[in-house]
There are 2 protein chains.
Amino acid sequence: MTVGIKDVAQRAGVSVATVSRVFGNGPVSPELRERVEKAIAATGYRPNLSARRLRSQHSQTIGLMVADIRRPFFTALSRVVEDEAYRQGMRLILCNTDESPEREAMYLRLMEEERVTGLIWAPSRGSLERLSDDGPPFPLVLIDRGSPSGRYDCVGLDNHQATATLVRHLHAIGRSRIVGIFGNTSSTAIDRHLGYLSATASLGLSSEAFFVAPNAEAAEREILKVFSRPDRPDGVIASSNLMLLGVVKAMRRLELRTPDDVAIAGFDNETWSELVGPGLTVIEQPVGDIGRMAMTLLFDRLKAPKAPARKVMLTGRLIVRGSTAPVTGLVDEPVD
Amino acid sequence: MTVGIKDVAQRAGVSVATVSRVFGNGPVSPELRERVEKAIAATGYRPNLSARRLRSQHSQTIGLMVADIRRPFFTALSRVVEDEAYRQGMRLILCNTDESPEREAMYLRLMEEERVTGLIWAPSRGSLERLSDDGPPFPLVLIDRGSPSGRYDCVGLDNHQATATLVRHLHAIGRSRIVGIFGNTSSTAIDRHLGYLSATASLGLSSEAFFVAPNAEAAEREILKVFSRPDRPDGVIASSNLMLLGVVKAMRRLELRTPDDVAIAGFDNETWSELVGPGLTVIEQPVGDIGRMAMTLLFDRLKAPKAPARKVMLTGRLIVRGSTAPVTGLVDEPVD
DNA sequence: AAAACCGATGAAAAGGATTACATGAAGCTC
DNA sequence: GAGCTTCATGTAATCCTTTTCATCGGTTTT
């Protein structure tokens with residue numbers, strides 16, 4: 001039926017060990033190597049990865065668990081991680097958790113059964129807290145969300161600083177009643193909320209934060225409610241891309257002009273960010289760097305399992321566009 | 001070291017076969033089943049999937065090869081396919097080919113080595129043509145792009161019809177010089193081009209098509225060039241999301257008003273489609289249906305390997321927005 | 001009461017590769 | 001030329017399960 005290593009060996013007139021060595025770059029004379037390679041080509045032999053993994057005890061597989069691949073940040077991240085993984089000859093298992101602790105637990109079990117070499121994971125708020133007790137039997141790199149216990153390597157945007165940058169920017173263009181709207185499931189939102197709080201406090205501004213499900217609809221509803229009150233804010237910071245879109249929709253509904261009536265800003269720079277309304281002011285995340293750093297942390301951890309955990313915080317870039325400035329032109333105006 | 005099925009068996013005082021049967025829902029007395037389950041919990045045993053797959057000769061894995069996970073259509077698709085796969089107790093291997101035949105060939109080899117149960121694939125133009133010769137040793141479902149030989153199951157949008165719908169829509173609002181801009185790597189673009197040609201022809205309109213790399217920058221450059229000529233078109237159809245963004249950018253550069261000066265329309269409805277400029281008129285693809293149908297085709301094929309190939313073409317939905325109509329309101333206006 | 005059957009269980013083979021160890025030839029040293 | 005090392009090669013054990021087959025008690029059939 002399916003051709004195995006034995007068939008190749010027989011055809012080439014060598015032992016199975018020699019065939020295996022041809023794949024593993026073991027010591028094989030040029031002559032035999034050529035005979036084996038011919039036999040492989042002739043038979044169309046493909047090594048069975050399950051058998052190889054079983055025997056060699058190397059899964060050559062890493063896991064990537066994200067909340068939802070459809071969120072632009074995770075989409076971009078998965079692409080980077082995948083490229084990097086395949087470049088290193090490893091496979092990637094991708095899982096969407098929807099921030100549900102049950103799904104996370106299920107997928108963690110799957111990762112164990114796959115005997116993954118390591119896992120890159122953006123854990124939900126709930127799992128993050130429970131993570132201190134019993135770690136999984138493989139290296140773990142947390143992305144986008146810090147590990148409170150400090151037991152695990154992690155990498156992500158400096159959310160505290162980035163949000164503070166947004167607040168200061170809105171303040172610099174004369175806004176004083178700046179509200180923040182944050183997601184209620186991720187721990188990223190917590191960091192951003194803290195950055196928002198400390199920046200408003202240090203500038204002597206009032207602060208008001210709202211927590212809703214991390215999607216456009218929920219954000220739109222909440223903002224509509226907030227803006228129906230008599231004392232209208234003049235600035236809004238949204239803690240995610242989708243929520244920012246919800247804010248834009250709410251502004252349209254209310255027929256408020258951006259940025260004249262309300263200045264708005266958020267996170268993640270996308271192809272379309274400059275084309276929505278007057279252009280959206282955002283913090284651009286260095287998603288390529290985050291992905292590559294996650295891989296680096298993982299491979300370093302494999303080399304030195306006992307080394308102390310590292311926490312890498314990368315800086316975002318503020319991209320100012322029409323939503324927080326008088327419309328002056330059509331080109332991006334990067335500002336630090 | 002790591003706990004195996006033997007350890008569990010020993011601890012429960014049964015044979016390894018019985019432990020295996022507990023996992024496989026084989027015939028086990030309630031009493032023994034409970035003892036085994038206790039032993040599993042106590043030892044934290046996790047079955048080794050590599051060993052299981054090797055012995056059972058079932059990889060329980062399906063492959064998904066797309067051009068680039070970052071394209072919204074593929075992002076959404078992968079999410080659907082992944083959910084469906086995990087629901088059926090299967091794993092998913094995801095690969096980005098970037099429409100490169102070399103990468104496609106490499107990943108096809110990988111799929112063989114993984115002994116995947118089946119593959120869902122959006123092949124590049126080049127691979128699609130070469131596909132007739134020697135098929136892979138597993139069922140194949142093509143998405144988004146038809147199989148010319150008719151040898152493989154496939155599912156996707158009816159691109160011909162969808163593009164014709166766009167042309168007729170532009171014609172209905174009084175446009176007569178409608179140009180089309182298409183990607184030069186995917187076969188989807190070919191179908192859309194054909195739909196564009198036949199619709200313009202049957203309406204007695206002139207036609208002019210441009211083929212560029214499927215990204216916003218290339219589309220923008222090309223459109224800038226086209227619109228610098230004296231006889232300006234009054235309508236543009238873009239064959240992808242990203243290219244449509246390029247068109248919008250070009251319009252901004254040229255300070256042309258949409259839709260007054262030029263009406264534009266394209267493919268794929270996204271969260272932000274209604275918020276870009278005056279709102280983008282697009283054909284919404286039934287991506288959920290496409291993904292689920294791909295899985296259905298695959299599983300049907302597994303049941304009946306010899307059944308004739310099926311070609312499923314789904315209808316898109318035209319969503320008319322400001323980019324092709326006088327701005328009348330802010331809500332979507334679905335039209336057939 | 002013997003024969004046939006049944007369902008739960010265990011012993012052992014099988015699945016397809018890698019790898020530890022043994023072997024034997026060739027090349028060196030003295 | 002005896003003894004030692006080196007290197008390519010082969011033999012067989014091994015990785016961890018699932019699955020086949022045999023066994024065994026107990027029930028039903030004749």
Side-chain angles (χ1 to χ4, degrees), chain A residues 1-37 39-40 43-61 89 91 109-117 137, chain B residues 1-37 39-40 43-61 89 91 109-117 137:
Chain A
M1 288 284 272
T2 81
V3 29
I5 200 172
K6 264 184 284 205
D7 306 288
V8 176
Q10 198 166 2
R11 182 169 188 124
V14 299
S15 72
V16 293
T18 301
V19 178
S20 175
R21 279 191 270 259
V22 167
F23 279 96
N25 289 321
V28 180
S29 70
E31 192 216 352
L32 284 198
R33 174 169 306 245
E34 197 192 320
R35 289 219 317 257
V36 169
E37 273 163 1
I40 290 171
T43 54
Y45 167 70
R46 296 274 177 272
N48 183 318
L49 285 186
S50 292
R52 174 178 295 180
R53 287 201 264 256
L54 172 60
R55 172 63 234 227
S56 69
Q57 301 287 75
H58 281 309
S59 69
Q60 301 287 68
T61 301
R91 325 268 160 270
R109 202 160 45 237
L110 171 64
M111 296 296 163
E112 289 188 42
E113 299 184 355
E114 291 276 7
R115 304 293 192 264
V116 293
T117 307
Chain B
M1 289 280 270
T2 81
V3 28
I5 200 172
K6 262 184 287 205
D7 306 288
V8 177
Q10 197 165 4
R11 182 168 188 126
V14 300
S15 72
V16 293
T18 301
V19 178
S20 177
R21 279 191 270 260
V22 167
F23 278 96
N25 289 321
V28 180
S29 69
E31 192 216 352
L32 284 199
R33 168 161 310 217
E34 197 192 318
R35 282 205 341 241
V36 169
E37 273 163 0
I40 290 171
T43 54
Y45 167 70
R46 295 273 177 273
N48 183 318
L49 285 185
S50 291
R52 174 178 294 180
R53 287 200 263 257
L54 171 60
R55 173 61 236 228
S56 69
Q57 300 287 73
H58 280 309
S59 70
Q60 300 286 73
T61 301
R91 325 267 160 273
R109 201 159 46 239
L110 171 65
M111 296 296 163
E112 290 188 41
E113 298 184 353
E114 290 276 6
R115 304 292 193 266
V116 292
T117 307

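Across the protein-nucleic acid pair, Leu54(A) atom CG and dA17(C) atom C1' stand 8 Å apart, rounded to whole Å. Counting to the nearest Å, the P atom of dG7(C) and the CD atom of Glu31(B) are 19 Å from each other. Atom P of nucleotide dT11(D) and atom CD1 of Ile5(A) are separated by 14 Å, given to the nearest angstrom. Computed from coordinates, the Gln57(A) CD to dT14(D) C1' distance equals 10 Å when rounded to whole Å. Spacing between atom CG of Asn48(A) and atom P of dT17(D) amounts to 17 Å, rounded to whole angstrom units. In this entry the distance linking CG of Asp7(A) with C1' of dG15(C) reads 14 Å, nearest Å. With rounding to whole Å, Glu113(A) atom CD is found 20 Å from dC15(D) atom P. Between Arg53(A) atom CZ and dT17(D) atom P the separation is 15 Å, expressed in whole Å.
The residue Leu49(B) sits apart from the nucleic acid: no heavy atom pair falls under 4.0 Å. Using a 4.0 Å heavy-atom criterion, one finds that Val14(B) contacts the sugar-phosphate atoms exclusively. Backbone-only engagement by Arg46(B) is indicated by non-hydrogen atom pairs under 4.0 Å involving sugar-phosphate atoms exclusively. Residue Ser29(B) is in sugar-phosphate contact alone, with no base atom involved, counting any heavy-atom pair closer than 4.0 Å across all strands shown. Base contact: Ser20(B) has a heavy atom under 4.0 Å from a base atom.
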Fill in: Derivation and outcome, side-chain contact (heavy atoms from CB on, under 4.5 Å), residues Val28(B) and Thr18(B)
CA-CA 7 Å; Val28(B) 180; Thr18(B) 301; 4.1 Å; yes
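Of the candidates dT9(C), dT18(C), dT17(D), the closest approach to any side-chain atom of Tyr45(B) belongs to dT17(D). Closest to the Ala17(A) side chain, of the nucleotides dA11(C), dT19(C), dA17(C), is dT19(C). The side chain of Arg21(A) has dA20(C) as its nearest neighbour among dA20(C), dT17(D), dT19(D). Picking from dT17(D), dT18(D), dG16(C) the nucleotide with the shortest atom distance to the side chain of Arg115(A) gives dT17(D).
Between Gln57(B) atom CD and Arg55(B) atom CZ the span is 8.0 Å, to the nearest 0.5 Å. Between Thr2(A) atom OG1 and Arg46(A) atom CZ the span is 12.5 Å, to the nearest 0.5 Å. Taken from CZ in Arg53(B) to CD in Glu114(A), the straight-line distance is 4.5 Å, to the nearest 0.5 Å.
Between the base of dT14(D) and the side chain of Arg55(A) there is a donor-acceptor pair shorter than 3.5 Å.
Cation-pi geometry between Arg11(B) and Tyr45(B) is not met at under 6.0 angstrom from the ring centre and within 45 degrees of the axis.
Within the structure, every side-chain polar atom (N or O) of Ser50(B) is placed at least 4.0 Å from both OP1 and OP2 of dC15(D).
Both Ser56(A) and Gly13(B) lie close to DNA chain C; mapped to their nearest nucleotides by heavy-atom distance, the more 5′-ward contact belongs to Gly13(B).
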